[in-house]
Each structure stands twice: as C-alpha cells, then as structure tokens.
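Structure first, commentary second.
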Amino acid sequence: MAPVPPLRIGRRVFAWGARTYVMGVLNVSPDSFSGDGVTDPEAACARGRALAADGADILDVGGVSTRPGAAPVPPEEELARILPVIRRLAGELEIPLSVDTTRAEVARQAVEAGAALVNDVSALRADPAMADVVAALGVPVVLMHGYPPPADAPRDLMSGIVGFLLERITFAVGRGIARSRILVDPGFGFGKTVDHNLELLRRLGELRALGRPVVIGTSRKGTIGRVLGGLPPAERDDGTAATVAAAILAGADVVRVHNVRAMARVARMADAIARGRTGADHPPREGRDA
C-alpha cells in the first residue's frame, strides 16, 4: 500500500510513517473519567504547557466528558471552558491544538481561536452542521468509530469498524472535506466490550486499508482497569504503556494519552522496534514548524 502523504496541522507537517506522534489530553472539565480535568483557565494553560514540554506533538482540548453517564453540558458552557485556554495556548505553543467536540459551533469558534484540528468522536453524526463547518474551516478532522453499529453491520469486529469508517470518509468527502485531511480512530473503549478492545488492538493494522492516518486513545480506559484486576484510572499508566506499545507495533500514527512524558518514551522505544528509529534519529521535537 502506498504511504500516506504528509499533512500540515497548524504550523507543523506530520510525516506519517516516519514516527509515532503523541497527542496530549487536556481536559477542561470537572468530570473527566481519568480525574485529570481542570476548569480554571490558568491551571489548564499550565497543564497544557507542561504537556508540551513533556513531548506532546498535539494538544487535544476538550470541555465535555465523553464518559458513560456524564451530565450534559450546554454549548455555551463548553465554549466558556475551552476558548480562553485555546486562545492563550495557541499564542504560546509551537505545537498545534485540537478541539475535542461534537458540536459545529464549538468547532468553529475553537478554530477561530487557534485550534488547528477537530476531533469528533461522533464522526460528524452528532451535529448535522459539523461536516459543512469543518469543510469551510479547511482543517483536518478525526473521525471515530464510537456508537453501536447498525443492525446490518458485519458480525466481524474489524470489518464493521473499517466499513463504518469508510462510509464516514465517503460522507465527509461528499460534503467538501478533503480526503487528505481525514484521520481515523477505531474508538477503543467506545461501545465495545473488553474482548472487543483487545481484539481491536491485535488487529489494528487492518485499518491501513483505509489509507488514512490512524489515531488511537487507549489511555487509562476501563478495559485496562478490568484486565488488571479493577485498578482505578490513576493507576492504569503501566497498562496504558502496554496498549500504546501494542498499537504502535500494529501501525498507529497518533496515540492520545494523559501521561505524555511516560508515553512519549514508550512511543520512542516502540518506534525503535517497529520502524528502526533510534534515540539519535528520533528527537522529541522532530518535525516542528515546517
């Protein structure tokens, strides 16, 4: 299969296949499942700067928890949480910011404030206006497999995920989003059992058939806690490291994580195994400001 061409996100060019990129999670909400959410803009900005210093290549800023049972948040509150943080960090950091939202108006204002990527866990389905807004903004978008599949979906897990994402890519392109700006995420932990999530990691390489960069977020998810005997989110970083390494060995391009410092090291080591990249030719800031 032909390599995926590089993609500019903000001021940086991401060379897919050269190395694994680390997306740091910046939760600007009080009810994050991982317990690392902050609502004070100063504290959130400080955490964002720390994640960048620890080796993040992208910061994913979200103002609404996607955990099961999370209380709904009105769009005005979501915007009030994230916009001050995005505006400030976009002016201070060299790495691009992503906005984690399913709402078109939130995406629009976030990009106008400085975000350079839209991460939509609904794959453009939650808000009918999202596809048109992303197309008009001209920014890349992550499409995730997250919700229960249709009744006629294939019984095979990865066939269903690949088929769903292919349909979403086709839909996005039909609405004016360049295929070259689409990334895909198989939705580890979203609408899947523990066995599904483990199978997904084993078979992650099958997403290569889509010809798009693969993003995956396993960090501190419930599957890790269950496999390791009921550990709470704060104690799941060791298990996260195993899933990050497995994902990279299976071909992931971007890993979305909470503990950036540790997982950037895991990514560097896994890249040395999977891609033959050693410490000397894999600096943490490779590829900045193209």
Side-chain angles (χ1 to χ4, degrees), residues 10 23-49 51 58-93 96-148 168 171-172 175-177 183 185 187-191 215 217 219-222 233 256 258:
M23 175 184 280
V25 179
L26 184 54
N27 288 317
V28 192
S29 62
D31 57 347
S32 167
F33 86 92
S34 60
D36 65 340
V38 290
T39 54
D40 176 68
E42 289 295 327
C45 288
R47 175 160 176 74
R49 288 190 290 269
L51 292 172
I58 307 171
L59 284 186
D60 194 34
V61 183
V64 176
S65 174
T66 55
R67 65 177 176 81
V73 175
E76 296 79 14
E77 176 63 22
E78 184 179 1
L79 286 165
R81 291 175 179 177
I82 66 172
L83 288 184
V85 176
I86 291 174
R87 288 193 187 101
R88 185 160 176 181
L89 290 179
E92 294 180 358
L93 301 180
L97 304 182
S98 167
V99 58
D100 182 1
T101 187
T102 61
R103 290 167 167 153
E105 183 59 20
V106 172
R108 183 184 67 78
Q109 292 196 39
V111 171
E112 290 174 352
L117 172 71
V118 175
N119 184 11
D120 184 353
V121 300
S122 80
L124 309 177
R125 294 188 298 165
D127 187 332
M130 181 66 98
D132 293 336
V133 166
V134 171
L137 292 169
V139 295
V141 61
V142 180
L143 305 180
M144 194 188 82
H145 177 278
Y147 295 107
R168 290 286 84 199
F171 170 81
R175 296 294 285 269
I177 299 172
L183 298 83
D185 183 336
F188 184 100
F190 283 78
V215 181
S219 185
R220 299 179 180 173
K221 294 284 179 71
R256 184 180 183 273
H258 299 86

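When a residue number appears, it is its place in the shown sequence, counting from 1.
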Go through the steps to decide whether L183 and L117 satisfy the test side-chain contact (heavy atoms from CB on, under 4.5 Å), and finish with yes or no.
-> CA-CA 10 Å; L183 298 83; L117 172 71; 4.2 Å; yes

Between L124 and L143, is a side-chain contact (heavy atoms from CB on, under 4.5 Å) present by the stated rule, with each step listed?
-> CA-CA 7 Å; L124 309 177; L143 305 180; 3.6 Å; yes

Derivation and outcome, side-chain contact (heavy atoms from CB on, under 4.5 Å), residues H145 and R168 | CA-CA 9 Å; H145 177 278; R168 290 286 84 199; over 6 Å; no

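The closest side-chain heavy-atom distance from V61 to V99 is not below 4.5 Å. The shortest side-chain heavy-atom distance between V64 and V106 does not fall under the 4.5 Å cut-off.
Taking CZ of R103 as the reference point, atom CG of D120 lies at 11.5 Å (rounded to 0.5 Å). Going from atom NZ of K221 over to atom NE2 of H258 covers 8.0 Å, rounded to the nearest 0.5 Å. The distance from the OG1 atom of T101 to the CG atom of L79 is 8.0 Å, given to the nearest 0.5 Å. In this structure, M23 CE and I58 CD1 are separated by 4.0 Å, a value rounded to the nearest 0.5 Å. The structure places CD1 of I82 at 12.0 Å from CG of L89, a figure rounded to the nearest 0.5 Å. The SG atom of C45 lies 9.0 Å from the CG atom of D40; values are rounded to the nearest 0.5 Å.
No donor-acceptor pair closer than 3.5 Å links the side chain of N27 to the backbone N or O of S29.
In terms of heavy-atom proximity, A44 sits nearest to L26 at O-CD1, 3.6 Å. The two atoms that bring A126 and T102 nearest to each other are CB-CB, 3.7 Å, heavy atoms only. Taking every heavy atom of both residues into account, S98 and N119 meet most closely at OG-CB, 3.6 Å. Taking each heavy atom of V139 and A116 in turn, the nearest pair found is CB-O, 3.6 Å.
With sequence neighbours left out, the salt bridge (charged side-chain N to carboxylate O under 4.0 Å, His left out) criterion links D132 to R175. Take A113 and apply the side-chain contact (heavy atoms from CB on, under 4.5 Å) test, not counting sequence neighbours, and it matches L83, I86, R87. Partners of D100 by salt bridge (charged side-chain N to carboxylate O under 4.0 Å, His left out), not counting sequence neighbours, listed by chain and number: R256. Judged as a side-chain contact (heavy atoms from CB on, under 4.5 Å), and not counting sequence neighbours, the contacts of A104 are D127, A129, M130, V133. R108 is linked by a salt bridge (charged side-chain N to carboxylate O under 4.0 Å, His left out) to E105, E112, counting only residues two or more places apart in sequence or in another chain. Remark: E92 pairs with R49, R88 by the salt bridge (charged side-chain N to carboxylate O under 4.0 Å, His left out) rule, at least two apart or across chains.
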